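Contents: one structure, followed by commentary.
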Protein chains: 2
Amino acid sequence: MSTAALEARSIQFIPAAASAGVRAPVAQMKTQCSTCHLRELCLPCGMNDVDLTRLDNLGFTRRKIKAGETLYREGDKFTHLYAVRFGTLKSSLILSDGREQVSGFHIAGELVGLDGVAQGRHASATMALEDTEVCAISYTALADLAISTAGMQHIVSRMMSREILREHSLMMLLGSMNAEERLAAFLLNLSQRYAARGYSDREFHLRMSRAEIGSYLGMKLETVSRAFSAFQQQGLLEVDKRHIRITDLEELKHRFDVRVH
Amino acid sequence: MSTAALEARSIQFIPAAASAGVRAPVAQMKTQCSTCHLRELCLPCGMNDVDLTRLDNLGFTRRKIKAGETLYREGDKFTHLYAVRFGTLKSSLILSDGREQVSGFHIAGELVGLDGVAQGRHASATMALEDTEVCAISYTALADLAISTAGMQHIVSRMMSREILREHSLMMLLGSMNAEERLAAFLLNLSQRYAARGYSDREFHLRMSRAEIGSYLGMKLETVSRAFSAFQQQGLLEVDKRHIRITDLEELKHRFDVRVH
DNA sequence: CGGCTTCTTGATCCTCTTCAAGGGTGGTGG
DNA sequence: CCACCACCCTTGAAGAGGATCAAGAAGCCG
């Protein structure tokens, strides 16, 4: 039945041009965490050398996803977790009235797919917003490894708990902030995540549309657009389509910090 | 700083009479999962006899929390998970402007405290809405057990993933539903959870105030009250203060199912 | 170039919030 | 035992914020 909903939506709401619904072709090369430049951010973060070697032995498969292709869909069997190597992913699910509800955006070093553990099937779909590459991590292999490796269990648990915290803060945002505060929170969150990856925290390119931002933040695309314009007029941002330059990061932080400690 | 926020809020916002801020006194008896009537719902759900025996050997401590007392507070060191034996708990955190944001309600058989795994400290506070009893599950003991026990690891992971799904659906609710739809979803969710515990799915007593429901659902208490009145007028509910009788469960479901498959 | 998508901006409408008042209830102390 | 207070809930009226509807501009691609 969720499949039916998906199909219905493909027909009605997805622009033909976007090549959505095209499943990405599978797999090329094997990758090792120990040589990955993302190892400080990604799964191996905080792991000792012994554990890291074991992780390497799993031999993760890399997989490329072109913009508009899906990594997995709602209801797909859950087999792997995915670590983003580069690019941007969007997770979303489709409401029965056909509208899309975006539940997250994922950039390099972030782990995707944890929602599948509970039921053995993915609870949402994940699609690439630009050409993207991921490491496919077999969940059974990882679980087996966790049994024999003391630290690994905790690493996985921590990843999941982090996901809980992420959703937690989004809930708070949706529950208690107005439009401009939501957008400020969103931009600051992106800014932080880019900064942690060595990119500028004041200037970046959005990979998602106004509508996708709006869905994620629980507001309409027009409202997102108006909030951008308002920030620009107030001298907080310079906005050129999807290119964002934060000109007054402190004031932007202030807007957000007022609400959540 | 979060402590400061808490103190400030205690003074300003918590009614003196409620005896809030009083930490519950610790511990009485040891409990075994194998003899617990909640074992089909709680942590041991899906566990084999061997694993269950191992779980029993951990010897969980029971702890009583009186209405208005806190189980743990935001920022407290994370040491235990808690399984609710009976009663009702509320998880929430305090925004810097002093308002409370409720993030969940927990009834018998549900697990509380998973938000602490990521950072070793609790990200929210949890308080009893009525006299409540929990099993305190040492997280380190559970983690040790998970290392030696194949199935245990997955049980914990599944618990966490379930929490992710729960927050997921709440996000969707906050992002895409109007006031009446939110309240319908809330009542249906409660109804299901009570039914799973052998209670009536059509008649129950709310343990939380309109303001707490409102905070959880992202709306004001007046709006909650109006939605209750509207449902009553439409013949869906009979409401007497906190006592709820669902007179047209199907129609109520319909309101919700329209939105999320 | 034309068609399409995305974004911006204006005008209007509607939902929910805010403000305000009144009733009911439980607990406490005189 | 009753009076009073604090709290919770309900309901009305007014107001604000965001949704919706609509039009047009800018960029992209075949």
Side-chain angles (χ1 to χ4, degrees), chain A residues 13-20 66-68 90 97 99-102 129-130 173-184 205-233 237-244 255 259, chain B residues 12-20 66-68 90 97 99-100 102 129-130 173-184 205-233 237-244 255 259:
Chain A
F13 290 86
I14 291 293
S19 79
K66 288 217 195 70
K90 168 188 83 173
D97 60 2
R99 288 177 313 159
E100 176 185 41
Q101 170 78 30
V102 175
L129 294 178
E130 61 182 326
L173 180 151
L174 291 170
S176 70
M177 290 166 73
N178 69 23
E180 290 192 8
E181 289 167 337
R182 290 177 194 200
L183 186 62
H205 192 80
L206 299 175
R207 305 299 172 173
M208 64 294 285
S209 71
R210 302 289 193 260
E212 286 164 338
I213 296 172
S215 171
Y216 181 63
L217 297 177
M219 53 211 244
K220 295 289 142 169
L221 71 96
E222 293 96 330
T223 309
V224 175
S225 179
R226 280 184 237 271
F228 270 125
S229 300
F231 285 162
Q232 191 161 22
Q233 278 199 320
L237 301 181
E238 282 168 21
V239 184
D240 179 22
K241 310 229 80 197
R242 297 190 178 181
H243 191 85
I244 305 294
R255 295 221 172 199
R259 293 311 188 108
Chain B
Q12 289 185 263
F13 291 86
I14 290 293
S19 79
K66 286 215 195 73
K90 168 188 82 175
D97 60 3
R99 287 177 313 158
E100 176 186 41
V102 175
L129 294 178
E130 61 181 328
L173 179 150
L174 291 170
S176 70
M177 289 166 72
N178 68 23
E180 290 190 9
E181 289 166 337
R182 290 178 195 199
L183 186 61
H205 192 79
L206 299 174
R207 306 297 172 174
M208 63 296 281
S209 71
R210 303 290 193 259
E212 285 163 338
I213 296 172
S215 170
Y216 181 63
L217 297 177
M219 53 211 245
K220 295 290 145 174
L221 72 97
E222 292 95 331
T223 309
V224 175
S225 180
R226 280 184 238 271
F228 270 125
S229 300
F231 285 162
Q232 192 160 20
Q233 278 198 318
L237 299 182
E238 282 169 21
V239 183
D240 179 22
K241 314 228 76 193
R242 296 189 179 182
H243 191 85
I244 305 294
R255 297 222 169 195
R259 294 310 188 110

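Because only heavy atoms are used, hydrogens play no part in the values below, and waters and symmetry mates are left out as well, while side chains stay in. These numbers were taken from a predicted model, which means no experiment stands behind them. Convention: sequence-line order gives letters A, B, ...; per-chain numbering from 1.
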A:Arg99 atom CZ is separated from D:dA19 atom P, nearest whole Å, by 11 Å

Assign each of A:Ala179 and A:Asp240 the nucleotide of DNA chain D bearing its closest heavy atom; nearer the 5' end lies the nucleotide of A:Ala179

Rounded to whole Å, CD of B:Gln233 lies from P of D:dT10 at a distance of 13 Å

Per atom distances to the A:Val239 side chain, the nearest of D:dA19, D:dT11, C:dT8 is C:dT8

Atom CZ of B:Phe228 and atom C1' of D:dC9 are separated, to the nearest Å, by 11 Å

Check whether any side-chain nitrogen or oxygen of A:Arg210 sits under 4.0 Å from OP1 or OP2 of C:dT8, and answer yes or no.
yes

Here the distance between atom C1' of C:dT15 and atom CD of B:Glu181, to the nearest Å, is 12 Å

Heavy-atom nearest nucleotide on DNA chain D taken for B:Ser209 and for A:Leu221; more 5' hit belongs to B:Ser209

When rounded to whole Å, the NE2 to P distance for the pair B:His243 and D:dT10 reads 14 Å

| message | Any base atoms under 4.0 Å from B:Gly218, or only sugar-phosphate, or nothing? Heavy atoms, all strands. | response | sugar-phosphate

Picking from D:dT11, D:dG18, C:dT9, the nucleotide nearest the side-chain atoms of A:Ser225 would be C:dT9

Smallest heavy-atom separation, A:Leu217 atom then A:Leu174 atom, equals O-CD2, 3.2 Å

Are B:His205 and B:Glu130 packed together at the side-chain level, in the sense that at least one heavy-atom pair is separated by less than 4.5 angstrom?
no

Here the distance between atom P of C:dC16 and atom CD of B:Glu180, to the nearest Å, is 8 Å

Atom CG of B:Leu183 and atom P of C:dT15 are separated, to the nearest Å, by 17 Å

**Asked** Closer than 4.0 Å, any side-chain N/O of B:Lys241 to the OP1 or OP2 of C:dT25?
**Response** no

side-chain contact (heavy atoms from CB on, under 4.5 Å) filter on A:Glu180, not counting sequence neighbours, yields A:Asn178, A:Ala227, A:Ala230, A:Phe231, A:Gln234, A:Arg255

Rounded to whole Å, the NZ-P distance (B:Lys220 to C:dT17) equals 7 Å

Go through the steps for B:Leu221 and B:Glu212 under the test side chain to side chain contact (heavy atoms under 4.5 Å, CB included), then give the verdict. CA-CA 8 Å; B:Leu221 72 97; B:Glu212 285 163 338; over 6 Å; no

Testing D:dT11, C:dT17, C:dT8 for proximity to the side chain of B:Ser229, the answer is D:dT11

Any side-chain heavy atom of A:Met208 sitting closer than 4.5 Å to one from A:Tyr216?
-> no

- Message: Taking atom types as they are modelled, would you say the side chain of B:Arg226 forms a donor-acceptor pair with the base of D:dG12 within the 3.5 Å cutoff?
- Response: yes

Phosphate contact (D:dC9 OP1 or OP2) by B:Arg242 side-chain N/O below 4.0 Å: yes

